[in-house]
Amino acid sequence: MPMRVFLCAFLAAPARSVIDSVDDLHAHYGEIFPSHNRNAASHLWATYIFQQSTKLSTAKLTELFSGFCPVSGSPVRPFDGNRYQYELDRLGGGRSTGVTYHCCAPCVCDTTDFLMVDSKSVQTADGLVALDFLVVGDPCENAAALQSPFVDPFSGTTETLQQVAPELRCDASGKLHGASYSDHGGVIVGMLAHPSQENGDTPAQLAASFSGYCTERASSGFASGMGLIFRAAAAITPLRAKLVNNAANGATNAFAATSPPPPAASACDSILPASRVSEINALIANKPVVMFGMPHMRCTMAAAERLERANACFHWEQWTDAADPIWTYFQCLHPHEIVGGMQMHSYVYIGGEYIGNGFKLDPRRNGALSDGLLSSKLAAAKAEFTCHKDCSSLAPKHDLEQLEMLKSQPIALLGWTSCPCTNIARQRFESVGACYVQVVWPEPTAPLYKYLQCVHGEHHHSFVFFGGEFVGDGFALAEDRMAQPHFEAAVAQTNARRTCAREGDSSLVSDELKSCTQSNDGSTTGWTRTGSCNWDPSDSGYHEVCVTMSDEFLKQSATHDSNDLSSVVQAGGHWCICAWAWASAVQRDPRNFEGITLECERTNAKLREVYQSYIDAGADLHSPSGAAYKAKEALDAVNRVCGDGSGAKNGAKDGAKGDGASTGKATASAPKPKGTRRNKTMAKWRKLRRAAR
């Protein structure tokens, strides 16, 4: 659901250096939106650019306008995949064609329904230039409507624009504060660039082809994208009622969607070389079953899993780069393959008939092909049923040996750390002090993980073994699916030790972990709001880093990482930030860490394990915005500030626990066992662990 934070108004810009790129524009986010609420406030981006127009070439000004979404106000990194072509009404009469950029598909619907095109003469470094811009009506023509309630389609709560889009406020003259206006009085929220101004390498997505999707979105109550925020604002003063040359009362239904025909195949053929188009058509015509899809995408894997279960042979044409023109080609052919506001990554044909995206074969989804219908289509296409699934090639021999050793233990857990199912299993085991061994991965790409999915099903993201038998994923252990008496009985049958109660957390300097929240702080920090940066198996963000906060970090984290902490902590306060957040400060400012201070006695020693697990897996940490940060640099910085922890009593060494940080290696929750037979088993186990390294 849309971010609910507040911001200060955008005032006349102070002296500043010339903006040189879209990234440079984004770096000024905190200046444009001081409190980081950009909801339906794209007019502030536009005004900020106009204030520097005399120093910008026309080409540079056009480039900068591609750096934000005209509907949501979100920063956008322009590329072929988020460029959309429109034919829209002009505010002065007639129609114009051009392109703009969006953050997501729902904004196409809102643009089609509400935005219009109008001219404005802009003084650039090249002289006075007439350009076309995307415009919306001024909501301040009916300022009282900003306080009118509407029901948020995500939460069902009643809200007002004044609450969720506070930058939409009126100045003393009754105009939208901070807005720039077009020649016919529209509020400028973006640019409609024309082919001579636009440098895209491949054809833009045709906005008209989204009409079916937009109709579905409307029927769902607009529960995607900006929801009703932008629509409510634009509907206050709908521009279509202001068409200069329109017929009397020419306003249209504000929530209507156009229904143009989908693009013809010939319009898509120009995206790929003619020889490649011929190859694709030949595959569709000659192969009984063919799937075009991007690996590791849920829709793609859903189709592959269903076909493999049926032992049906199929041809799979893959691409791994989202910028690959073959995906653009199939998006053009099948523009309505959008689920949850996201463009799908797979396209399935059986007997030359287009079936749909991969989810059409997922029996857990409404509208999927039934077993009977799928069987009849496969039979009619003369598909072969000789392709039995061989999973053994997915993982190397030493991984499979490691799996067998894990399964020889009473309880074993393997899984992807970001799935709640993994943490559910951990919590259940810890609740009864059950000892267990585990292998968890920070990314769902490890060979052994893919092997387990191949054997037990792609829908599993964790794998629990009791006495060597697969009992399901962590969700199967949830209290609403396995009552406590049943769970305890199942654990007892494994003969697992019950001596692995969790120990207390320690700090980076080996002592007992001190509270991060201090007497002068206005709010309580920690994943569970205890005041301390405690380890918790359900905390996939690892809020273990206690810092003294700075203004610079607050601004940079909100701008680059979509991580706005300004409502809960201010400069000088103390807060448990995520492992990726510390990594971000180190990567952006290796010397001063953007002004934050790492509190060694108040930061959890588990942090070192978290970083080491990502280093071992060769994976980056990611912020909510998707920005990637290096774990090694973050760990090195921790050790420079607080020492390397060689004397620390951290849980991985001294503790009898199953709450180890995510690793690609096996870790045991049990304390060292006694007894010759058990010692031999664990010696073999430790030897295998060393080999796995």
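The structure presented is a predicted model; accordingly, all values stated were derived computationally and were not measured.
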Asker: Arg428 versus Val432: any side-chain heavy-atom pair under 4.5 Å?
Answerer: no

Asker: For Gln484 and Ser431, which heavy atoms make the closest approach, and how far apart are they?
Answerer: NE2-OG, 4.4 Å

Asker: Could you give the distance from CG (Leu307) to CZ (Phe314), rounded to the nearest 0.5 Å?
Answerer: 5.5 Å

Asker: Could you go step by step and tell me if Leu400 and Tyr451 meet the side chain to side chain contact (heavy atoms under 4.5 Å, CB included) rule?
Answerer: CA-CA 9 Å; Leu400 298 178; Tyr451 168 83; 3.8 Å; yes

Asker: Could you tell me if the side chain of Tyr542 sits less than 4.5 Å from the side chain of Lys606, heavy atoms only?
Answerer: no

Asker: Is it true that the SG atoms of Cys387 and Cys313 are less than 2.5 Å apart?
Answerer: yes

Asker: State, yes or no, whether a side-chain contact exists between Phe465 and Leu406 at a heavy-atom distance under 4.5 Å.
Answerer: no

Asker: Between Arg306 (side chain only) and Leu374 (backbone N and O only), is there a donor and an acceptor less than 3.5 Å apart?
Answerer: no

Asker: Between His461 and Gln453, is there a side-chain heavy-atom distance shorter than 4.5 Å?
Answerer: yes

Asker: First locate atom CD1 of Ile280, then atom CD1 of Ile326, and finally report the distance between them rounded to the nearest 0.5 Å.
Answerer: 4.0 Å

Asker: Are Phe210 and His102 close enough that their ring centers fall under 6.0 Å?
Answerer: no

Asker: Considering only the SG atoms, does Cys268 lie under 2.5 Å from Cys332?
Answerer: yes

Asker: Can you say whether the rings of Tyr349 and Phe292 are parallel (under 30°), tilted (30 to 60°) or perpendicular (over 60°)?
Answerer: perpendicular

Asker: Measure from the ring center of Phe470 to the ring center of His460 and say whether it is less than 6.0 Å.
Answerer: yes

Asker: Locate the shortest heavy-atom distance separating Lys630 from Leu621; write the atom from each residue and the value.
Answerer: C-CD1, 4.3 Å

Asker: Glu609 versus Leu635: any side-chain heavy-atom pair under 4.5 Å?
Answerer: no

Asker: First locate atom CG of Asn357, then atom CD of Gln343, and finally report the distance between them rounded to the nearest 0.5 Å.
Answerer: 9.5 Å

Asker: Just by distance, do the side chain of Asn281 and the backbone of Ser278 share a donor-acceptor pair under 3.5 Å?
Answerer: no

Asker: Give the minimum heavy-atom separation between Gln318 and Trp316, together with the two atoms involved.
Answerer: CG-NE1, 3.2 Å

Asker: Check the pair Val290, Tyr347 against side chain to side chain contact (heavy atoms under 4.5 Å, CB included), reporting the backbone distance first and the verdict last.
Answerer: CA-CA 8 Å; Val290 60; Tyr347 308 85; over 6 Å; no

Asker: For Val471 and Ala476, work out which heavy atoms get closest and say how close.
Answerer: O-CB, 4.1 Å

Asker: Give a yes or no on whether the backbone of Cys299 and the side-chain of Asp362 come within a donor-acceptor separation of less than 3.5 Å.
Answerer: no

Asker: Side chains of Gln612 and Asp616: donor-acceptor distance under 3.5 Å anywhere?
Answerer: yes

Asker: Using a 3.5 Å distance criterion without hydrogens, assess whether the side chain of Ser462 forms a donor-acceptor pair with backbone atoms of Gly474.
Answerer: yes

Asker: Does atom CD of Glu479 have more than 12 heavy-atom neighbours from other groups under 6.0 Å away?
Answerer: no

Asker: Any non-hydrogen side-chain atom of Tyr449 less than 4.5 Å from a side-chain atom of Val439?
Answerer: no

Asker: Where the side chain of Trp582 meets the backbone of Ala634, is there a donor-acceptor pair that is under 3.5 Å apart?
Answerer: yes

Asker: Just do the side chain to side chain contact (heavy atoms under 4.5 Å, CB included) check on Ile355 and Lys377 with the steps written out, would you?
Answerer: CA-CA 10 Å; Ile355 302 301; Lys377 287 184 178 294; 3.9 Å; yes

Asker: Could you state the interatomic distance from CH2 (Trp416) to CG (Asp473), rounded to the nearest 0.5 Å?
Answerer: 13.0 Å

Asker: Minimum heavy-atom separation for Leu413 and Thr422, please, with both atom names.
Answerer: CD2-O, 3.9 Å

Asker: Counting only heavy atoms not in Arg276 (residues, nucleotides, ligands), do more than 12 fall under 6.0 Å from its CZ?
Answerer: yes

Asker: What heavy-atom pair brings Pro335 and Ser209 nearest, and what distance separates the two atoms?
Answerer: CB-OG, 3.3 Å

Asker: Heavy-atom distance under 4.5 Å between the side chains of Tyr84 and Thr111, does that happen here?
Answerer: no

Asker: Does the side chain of Ile284 reach to within under 4.5 Å of the side chain of Tyr354, using non-hydrogen atoms?
Answerer: no

Asker: Quick one: are the Cys107 and Cys69 sulfurs under 2.5 Å apart?
Answerer: no

Asker: Look at atom NE2 of His486 and say whether more than 12 heavy atoms of other residues, nucleotides or ligands are closer to it than 6.0 Å.
Answerer: no

Asker: Can you tell me how far the SG atom of Cys435 sits from the CD atom of Gln409, to the nearest 0.5 Å?
Answerer: 10.5 Å

Asker: Test ring-ring contact (aromatic ring centres under 6.0 Å, His included) on Trp327 and His345; report intermediate values, then the result.
Answerer: CA-CA 7 Å; Trp327 188 31; His345 299 77; 4.5 Å; yes

Asker: Can you tell me how far the CH2 atom of Trp580 sits from the CG atom of Asp561, to the nearest 0.5 Å?
Answerer: 4.0 Å

Asker: Go through the steps for Glu337 and Lys360 under the test side chain to side chain contact (heavy atoms under 4.5 Å, CB included), then give the verdict.
Answerer: CA-CA 10 Å; Glu337 293 297 354; Lys360 192 71 175 178; over 6 Å; no

